[in-house]
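Working notes, beginning with the structure itself.
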Amino acid sequence: MDLGLKGKRALVCAASKGLGRGCAEALAEAGVALTINARGVDALEATAQHLRDTYGVPVTAVAGDITDEAARAEVLAAAGEVDILVTNAGGPPPGLWSDWDREHFIAALDANMLTPIALMKALLPGMMDRGWGRVVNITSSSVKSPIPQLGLSNAARTGLTGYVAGTSRQVASKGVTINNLCPGIHATDRADALDTAVTQSTGVTLDEARATRAATIPARRYGTSAEFGATCAFLCSQHAGYIVGQNIVLDGGAIVATI
Ligand code: NAP
């Protein structure tokens with residue numbers, strides 16, 4: 001299927017690895033010129049070079065913490081006018097409800113709610129003026145079914161979900177869609193970090209921790225960044241203009257719900 005995205009420009013945040021990289025790769029394959037971001041320079045440059053070499057699209061790499069206002073301004077300046085925004089940042093650490101104080105919640109809100117909102121505020125006006133735009137926020141299936149040990153994530157991402165529910169309806173008439181992708185368990189460094197925490201608390205091996213988690217998923221496996229990225233590219237495509245304010249769960253069937 002031709003996604004109709006050739007020549008469009010995208011900013012994909014937190015995209016040197018994992019799900020963000022999967023989105024960048026699928027957009028590059030569709031002919032989109034990219035600005036990508038992550039904090040670590042080496043992995044970011046390697047990803048940018050891979051995308052240029054593989055797909056022949058222009059890729060600008062801007063290193064910096066997307067949750068930091070000054071770094072975000074640099075990323076936005078380098079990206080310029082973009083048609084597609086994919087927001088992403090690292091997830092908050094796991095813990096217990098009794099561990100977290102105000103500063104922990106503020107950090108989680110900054111990373112997983114206020115940063116995507118700031119990016120949308122900066123880029124939506126241009127998209128609306130030009131009459132076309134796509135925003136995809138990488139959130140988590142925890143907005144639909146909370147993960148008890150990820151209370152910071154549950155709280156911050158639900159705030160973003162509420163913001164998108166209202167804002168997406170305010171911009172849709174200008175040809176701009178905003179949707180959220182809600183990953184369940186995917187095979188990335190983030191999943192490794194969570195599984196490693198299980199090995200430390202229970203004494204099981206990493207493979208055992210993975211197998212135990214995979215067994216809880218109807219698909220009996222973790223998702224891949226490539227299939228996640230393909231879904232993102234479809235949401236950004238010319239075919240998805242009527243999908244507005246949705247939360248698309250990619251979890252191998254892990255959340256048991258009729259709708
Ligand atoms: P990952 O494999 O750890 O990759 C994270 C990427 O984001 C890396 O490129 C990292 O590069 C970059 N990054 C992290 N924090 C950043 C920041 N503050 N500014 C700029 N770049 C940043 O993680 P992932 O699995 O792709 O997860 C992506 C998001 O989805 C996270 O919020 C995660 O919590 C959420 N999620 C993941 C899963 C899953 O199973 N994988 C499930 C539900 C939700 P640098 O470290 O160099 O910055």
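Each residue takes its place number in the sequence, starting with 1. Computed from a predicted structure; not experimentally measured. We count ligands from 1, going down the list as the structure has it; atoms in each ligand are counted the same way.
- Listed by first and then second residue, the side chain to side chain donor-acceptor pair (under 3.5 Å) pairs involving residues 245-259 are N180-N247 (not counting sequence neighbours).
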Worksheet item: E29 and V57: side chain to side chain contact (heavy atoms under 4.5 Å, CB included), yes or no, with the steps?
Response: CA-CA 8 Å; E29 189 175 4; V57 292; over 6 Å; no
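- Ring planes of F228 and H186: perpendicular class, angle over 60° (limits at 30 and 60°).
- For ligand 1, the 4.0 Å heavy-atom shell contains residues A14, S16, K17, G18, L19, N37, A38, R39, G40, G64, D65, I66, T67, N88, A89, G90, G91, I138, T139, S140, R157, P183, G184, I185, H186, T188, D189, R190.
- The closest donor-acceptor contact from the side chain of N112 to the backbone of G90 lies under 3.5 Å.
- With hydrogens and angles disregarded, no donor-acceptor distance shorter than 3.5 Å links the side chain of S145 to the backbone of S142.
- Checked options C182, P116, S153; the residue passing with T139 is C182 (criterion: side-chain contact (heavy atoms from CB on, under 4.5 Å)).
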